[in-house]
Protein chains: 2
Amino acid sequence: MIQSLNEHNREDLQEALGKGGQKLTPQREVVFAVLLAQRDHPTVDEVFNRARESMPGLSLATVYNCLETFVGCGLVRQVNHERESTRYCPNLAPHAHFRDKETGQVHDIELPPEVMKSLRSILPPGFDSEVIEISFLGRTKAYDPLHSN
Amino acid sequence: MIQSLNEHNREDLQEALGKGGQKLTPQREVVFAVLLAQRDHPTVDEVFNRARESMPGLSLATVYNCLETFVGCGLVRQVNHERESTRYCPNLAPHAHFRDKETGQVHDIELPPEVMKSLRSILPPGFDSEVIEISFLGRTKAYDPLHSN
DNA sequence: CTTGCGGTTTAGATTCATTCTAACTCATTA
DNA sequence: TAATGAGTTAGAATGAATCTAAACCGCAAG
C-alpha cells in the first residue's frame, strides 16, 4: 500500500502544478506518490494498479491524464523503449536508461556533463536540440568486485 | 516509381538474407529497393505505398514481414521516436538520429568512435550493453556559414 | 443558500499501429 | 505426381493510447 506524500513532496508537487496552471487533486497526489514510492519506471497499467490500492475508484483514464499533466509540468519523464508501453520516471536529473534484455527492468544511468557536451558537439551546424534521449539495451551481470580490475 | 536494385545491391541483399537463412523473393527485393531509393526513414505505410507503385498486389502484412526479416539479418535498423510509427533506415554505420520537431523529418547524425567510447564508459560495472540508441529532438535552422564562427 | 461555471474525473467507445491466423501460392524434393 | 515448406495474403484480433460525453466538485457571484 502506498503511503501518502510527505509535507515536502506535496509542496513540491503543488508548486510545480501551480506553475503549469494546474491544481493539486487527490488523484494527482496518489499517482505522484506511487511514482515516488517505487522508482522502477512503471507503465501506466502498473501505476494504475498500485494507485487503486489506496484509491479504489480511480480510473485508468485519470492515470493517463495525471501522468500527462506531470510531464507537461516537467515533474516526470516518459521513457520509451522500442514500441513497448510508455514508462514513467520521476528522476529529474539528466540521465540515460539501461534496459535489461532479459528482465525488462529499466535502470537509470547517470550522465556526466562532459558526456552531454560531447554529444551536443556532434550535431552539425544548424541542428538545435532541446532533448537528448540515450538508451542502452543489454544485460546486467552480478558485479563481483574481487574479480574485476 | 522505384527502380529495381542494381547488380551490386541485389548481391548484397541476397548474401545477407542467405546468412540469416532467408531467401531472396521479388517482394523483398522491391521493399529493399524502396529503402535504398529514398533514405528518409519511411514508416511501414510509406514503404507500402511506394512499393505498391512497382508491385500493386503487394500486401501490408508482407511489408511488415520483409522489414522484420531485414532487421533480423542486420540489413536495416528500426528507428523509434516516442510512440510514433516505427521507421526504417538502411544506414549500417553507427549513427544517432535527429528528429525535427516541426517537420517530423529524421536525419542521421554521424557518431564518432570516441563519443561511442565515452558513452560506453558511463555504464557502471556489471552493465553490458549491445545496443545504444541516441536520439535528438529539436529544430533545424538553415545554416548560414557567413554568420557562424 | 443555490446557482452557475470551469476544470477534473470517469466509463466506455474509438483509433491505429502492429501482430496473428488461416488459406493460398509456388518452387523444390521425394 | 504428391508432399513439403517457406513466403505471401486479406482480414481478424490485439492492445496502448486517445477521445467523448456525462457526471462531479470546489468555488465565486448573485
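Naming convention: chains lettered A, B, ... in sequence-line order (proteins, then strands); numbering from 1 in each chain. Nothing here was measured: the structure is a model prediction, and the numbers come from that model.
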Nearest-angstrom distance from the residue atom CZ of A:Phe48 to C1' of D:dA16
14 Å
Residues two or more places apart in sequence or in another chain: which of them pass salt bridge (Lys or Arg N to Asp or Glu O under 4.0 Å) with B:Asp108?
none
Using the heavy-atom set of chain A and a strict 4.0 Å cut-off, write down the first and last nucleotide of DNA chain C that makes it in, 5' to 3'.
C:dT8 to C:dT18
Set of salt bridge (Lys or Arg N to Asp or Glu O under 4.0 Å) partners for A:Glu82, sequence neighbours left out:
none
Kindly list each side-chain donor-acceptor pair under 3.5 angstrom involving residues 112-123 of chain A, sequence neighbours excluded, with atom names and distances?
from     : atom 1 : to       : atom 2 : distance (Å)
A:Ser118 : OG     : A:Val115 : O      : 3.2
A:Arg120 : NH1    : A:Ser129 : O      : 3.4
A:Ser121 : OG     : A:Ser118 : O      : 2.6

B:Arg28: what forms a salt bridge (Lys or Arg N to Asp or Glu O under 4.0 Å) with it, not counting sequence neighbours?
none
First of B:Lys23 and B:Arg87 reached from the 5' end of DNA chain C, by closest nucleotide:
B:Arg87
Pairs touching residues 46-92 of chain A that satisfy ring pair (Phe, Tyr, Trp, His ring centres under 6.0 Å), sequence neighbours left out
A:Phe32-A:Phe70
Side chain to side chain donor-acceptor pair (under 3.5 Å) with B:Asn65: which residues, sequence neighbours excluded?
none
Which hydrophobic side chains are connected to B:Val131, either touching it within the sub-4.5 Å cutoff or through other members that do?
A:Leu137
Name the nucleic acid region contacted by B:Thr86, choosing base, sugar-phosphate or nothing; use a 4.0 angstrom heavy-atom cut-off, strictly under.
sugar-phosphate
Give the B/S/- string for nucleotides 8-14 of chain D, one per nucleotide from 5' to 3', where a protein heavy atom under 4.0 Å of the base yields B, of only the sugar-phosphate yields S, and otherwise -.
SBB----
Between D:dG15 atom C1' and A:Arg83 atom CZ, what is the distance in whole Å?
11 Å
Scan A:Gln22 against the nucleic acid and name what it touches under 4.0 Å (heavy atoms): base, sugar-phosphate only, or nothing.
sugar-phosphate
B:Phe136 vs B:Phe98 aromatic rings, parallel, tilted or perpendicular, using cut-offs 30° and 60°?
parallel
